[in-house]
Amino acid sequence: QVQLVESGGGLVQPGRSLRLSCVASGSVNNVAWYRQAPGKERDLVAQMNYHGDRNYADAVKGRVTISRDNAKNLVYLQMNSLKPEDTAVYYCYAETWAGLGVWGQGTLVTVSS
């Protein structure tokens, strides 16, 4: 079973940038980042297939970039111009080549002055 481990979360001031990383224990197909703010549902932030096609949520479009390094089984989420409403636990998600969905444990991002 593939496992995902996120890193890179923390406390950041509004307007600053942060890069999240997610390492998979094996090769994966489609990948995505989700986030869940306190008291809210888990929402899609960005997704990317193996060949590089990307989609973004409207709330982050233009401020966030998802990327991946397939050789190293790494997925990144570069977040710029962060806002307090970006505060959430960010989860890495991946689909295995067998079609199974796998979640990471989450990393907390807090945007506050």
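- Taking OG from Ser112 and CG from Leu82, the interatomic distance works out to 12.0 Å, rounded to the nearest 0.5 Å.
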Problem set entry | Verdict with supporting geometry, Glu6 and Gln105, side chain to side chain contact (heavy atoms under 4.5 Å, CB included) | CA-CA 7 Å; Glu6 304 102 329; Gln105 83 287 352; 2.7 Å; yes
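- In the hydrophobic clustering of ILVMFWY residues, with side-chain heavy atoms under 4.5 Å counting as a link, Val102 and Val31 come out together.
- Interatomic distance, OG of Ser21 versus NZ of Lys72, reported as 11.0 Å (0.5 Å rounding).
- Cluster annotation: Tyr91 and Val12 are assigned to distinct hydrophobic clusters (Ile/Leu/Val/Met/Phe/Trp/Tyr, side-chain heavy-atom contacts under 4.5 Å, transitive).
- The backbone N or O of Ile66 lies less than 3.5 Å from a partner atom in the side chain of Arg54, making a donor-acceptor pair.
- Val109 places none of its side-chain heavy atoms less than 4.5 Å from the side chain of Thr87.
- Taking CG from Asn30 and CE from Met48, the interatomic distance works out to 10.5 Å, rounded to the nearest 0.5 Å.
- For the pair Gln1 and Ser25, the tightest heavy-atom approach, listed with the atom from each and the gap, is O-OG, 4.1 Å.
- Listed here is the closest heavy atom pair of Gly10 and Leu18: N-CD2, 4.2 Å.
- For the residue pair Leu4 and Trp103, the shortest heavy atom distance occurs at CD1-C, 4.0 Å.
- Put simply, the side chain of Thr107 gets close to the backbone of Gly9: a donor and an acceptor are under 3.5 Å apart.
- A 4.5 Å side-chain heavy-atom check between Met79 and Val60 finds every atom pair outside the cut-off.
- Under a hydrophobic clustering in which Ile, Leu, Val, Met, Phe, Trp and Tyr are joined whenever their side-chain heavy atoms come within less than 4.5 Å, directly or via other members, Val89 and Val45 fall into different clusters.
- A ring-centre distance under 6.0 Å is not found for Tyr76 and Trp33.
- Atom CD of Gln3 has 12 or fewer neighbouring heavy atoms from other residues, nucleotides or ligands inside a 6.0 Å radius.
- In this structure, Val64 and Asn80 have side chains that are not in contact, with every pair of non-hydrogen atoms separated by 4.5 Å or more.
- The environment of Glu85 atom CD is dense: over 12 non-hydrogen atoms of other residues, nucleotides or ligands sit within 6.0 angstrom.
- Side-chain atoms of Thr65 and Tyr56, non-hydrogen and from C-beta on, do get closer than 4.5 Å to each other.
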For this session: For the pair Val28 and Arg68, evaluate side chain to side chain contact (heavy atoms under 4.5 Å, CB included) and give the outcome as yes or no after the intermediate values.
Result: CA-CA 11 Å; Val28 291; Arg68 63 190 296 173; 3.9 Å; yes
Problem set entry | Trace of the side chain to side chain contact (heavy atoms under 4.5 Å, CB included) decision for Asn70 with Ser27 | CA-CA 7 Å; Asn70 292 332; Ser27 176; over 6 Å; no
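- Side chain to side chain, Tyr90 and Arg35 meet the donor-acceptor criterion of an N or O pair below 3.5 Å.
- Under a 4.0 Å N-O distance rule, the pair Asp58/Lys61 qualifies as a salt bridge.
- Nearest heavy atom pair, residue Gln78 against residue Ser17, reads NE2-CB, 3.8 Å.
- Residues Pro14 and Ser113 approach most closely at CD-N, 3.6 Å, considering heavy atoms.
- Under the 4.5 Å side-chain heavy-atom criterion for grouping Ile, Leu, Val, Met, Phe, Trp and Tyr, Leu100 is not connected to Val2 through any hydrophobic cluster.
- Other residues, nucleotides and ligands contribute only 12 or fewer heavy atoms inside 6.0 Å of the CZ atom of Arg16.
- A pairwise comparison of heavy atoms in Thr96 and Asn29 identifies O-CB, 4.2 Å as the closest pair.
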